[in-house]
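A note on names: the letters A, B, ... follow the listed sequences, proteins ahead of strands, and every chain is numbered from 1.
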2 protein chains.
Amino acid sequence: MTVSVVIVDDHDVIRVGVRESLDDDISVIGEARDVESAVAEIRAKAPQVVILDVHLPGGTGGGALDVLAEVLHRPGAPRVLALSVSDAAEDVVATVRAGARGYVTKSISGPDLSDAVRRVATGDAVFSPRLAGFVLDAFGAAGGEVAAADEDLDKLTEREQEVMRLIARGYTYREVAEKLFISIKTVETHVGKVLHKLQLSNRHELAHWAAQRRIV
Amino acid sequence: MTVSVVIVDDHDVIRVGVRESLDDDISVIGEARDVESAVAEIRAKAPQVVILDVHLPGGTGGGALDVLAEVLHRPGAPRVLALSVSDAAEDVVATVRAGARGYVTKSISGPDLSDAVRRVATGDAVFSPRLAGFVLDAFGAAGGEVAAADEDLDKLTEREQEVMRLIARGYTYREVAEKLFISIKTVETHVGKVLHKLQLSNRHELAHWAAQRRIV
DNA sequence: GGTCGAATCAGGGGGTTCCCTCATGGTGGA
DNA sequence: TCCACCATGAGGGAACCCCCTGATTCGACC
């Protein structure tokens with residue numbers, strides 16, 4: 001049985017590499033290099049599997065996550081295999097949360113990639129060995145740090161996130177206040193709430209927290 | 001005129017992508033996926049150009065730099081075109097310092113990559129537009145931020161470096177003082193000297209400075 | 001229509017950070 | 001020997017950070 005796929009990656013070189021690496025029983029019926037054309041291409045071609053670059057630029061939610069949001073929540077949705085240079089826990093968990101059925105890094109070999117596509121097409125979940133741990137941690141009983149990453153961020157209101165980002169970049173309260181056209185006291189209030197919600201004790205820990213999650 | 005190249009990248013997919021993206025007048029005469037086989041392959045095949053992944057794992061100097069060190073300093077050395085997902089200034093400058101004649105990111109198109117290979121083969125230096133600035137900064141008259149990295153660190157005495165590391169990690173003056181068994185005032189003095197010597201204005205910039213140089 | 005959360009702002013207090021000057025003792029080179 | 005540099009430390013001040021209480025406005029929700 002031939003599996004139909006659409007490849008989404010902004011790098012020409014990598015799209016070519018993936019296309020040429022796939023076995024003959026996998027048919028590439030479309031390609032896209034940005035969020036908009038990916039969504040259009042996937043809807044038009046209705047592939048069984050989408051091979052999706054996690055670090056796709058553009059969109060409002062980080063690229064790949066936008067594509068997943070647009071494409072998955074409708075009947076006949078394809079299975080999505082995420083492809084990434086990164087094996088950072090945050091990326092993996094965020095992508096899987098968004099609905100990806102597999103996550104492999106670009107260090108995968110051609111035959112293994114073809115195998116992963118076939119297995120995702122039949123409904124399996126496919127993860128590189130060292131990534132499986134992250135996923136299990138994130139969805140396991142204990143939850144773990146990684147799983148809490150997105151939920152922690154969700155606890156913050158939009159304004160709090162905005163302030164948090166600036167503080168994490170090292171701006172003083174005064175500078176944040178000037179940037180956002182609010183008073184210093186308001187900035188203090190927001191920062192206080194952020195620190196409390198994230199259970200951090202000062203702005204340095206906040207900067208570290210944000211850096212780990214690639215928020216800054 | 002046909003240009004001979006060796007492709008060095010630990011990712012199968014990317015090697016395939018590069019190979020398939022290159023024009024017919026560029027002949028891939030060898031490939032390698034780690035430092036040792038890259039050095040051996042380049043010496044054996046003597047290509048005109050080596051396409052080298054900057055983030056090659058293994059070796060003692062960061063992978064790609066080891067390959068450059070081994071290969072360049074002998075007669076008949078090939079021209080090296082660095083290929084990277086990263087456009088971070090540190091990576092670019094370190095690679096160029098080590099002798100690469102070009103640096104392009106993986107977002108390059110197939111035709112542009114072929115063109116870059118041909119130009120490097122003829123002796124040109126090839127840099128993506130936004131990378132050229134880094135290189136010029138680093139080698140220009142003023143020296144530039146990047147080039148000054150190690151020299152800046154050398155300006156600090158051992159004690160100052162010790163204090164600087166702890167401050168960059170977010171310890172308060174009090175905590176640093178307790179850790180080093182000195183008074184807070186001494187810590188203040190050291191920090192003040194560090195900030196002055198590095199021409200930084202506060203501990204946040206110091207943390208950022210240290211993080212960029214992977215000191216912390 | 002009352003309640004609740006989000007966003008805004010104020011006052012005040014205690015600790016921290018950064019800068020300035022100044023001082024002492026040790027070490028190592030000219 | 002003397003000077004330069006380093007490590008140590010003190011005093012004081014201005015600004016900044018963090019926390020506390022308390023307040024108003026506005027929109028959403030039941």
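Checked for salt-bridge contact, B:Arg33 and B:Asp12 meet the test: a charged N lies under 4.0 Å from a carboxylate O.
Here A:Gln48 contributes atom CD and A:Thr2 contributes atom OG1; the two are 8.5 Å apart, rounded to the nearest 0.5 Å. The distance from the CH2 atom of B:Trp209 to the CE atom of B:Met164 is 4.5 Å, given to the nearest 0.5 Å.
Between the B:Glu41 side chain and the B:Ala38 main chain, no donor and acceptor come within less than 3.5 Å of each other. Under the 3.5 Å distance criterion, the side-chain polar atoms of B:Thr186 are left unmatched by any main-chain donor or acceptor of B:Ile182. Side-chain N or O atoms of A:Arg203 include none that pairs as donor or acceptor with a backbone N or O of A:Leu195 at under 3.5 Å. A:Ser37 places no side-chain N or O within donor-acceptor distance of the main-chain N or O of A:Ala32, the cut-off being under 3.5 Å.
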- Query: Which letter, B, S or -, goes with each nucleotide of nucleotides 25-30 of chain C from 5' to 3', with contact meaning a protein heavy atom under 4.0 Å?
  - Reply: ------
- Query: For every nucleotide of nucleotides 6-13 of chain C, 5' to 3': is a protein heavy atom under 4.0 Å from its base (B), only from its sugar-phosphate (S), or from neither (-)?
  - Reply: SSBBBBB-
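Considering all non-hydrogen atoms of both residues, A:Ser4 and A:Pro47 come closest at OG-CA, 3.5 Å.
Protein chain B contacts DNA chain D over a range whose 5' and 3' limits, counting nucleotides with an atom under 4.0 angstrom from a non-hydrogen atom, are D:dC6 to D:dG12.
With 3.5 Å as the limit, one finds a donor-acceptor pair spanning the side chains of B:Ser201 and B:Glu205.
Residues A:Val5 and A:Val50 fail the side-chain proximity criterion, which asks for heavy atoms closer than 4.5 Å.
In this structure, CD1 of B:Ile167 is placed 7 Å from P of C:dT17, rounded to the nearest angstrom.
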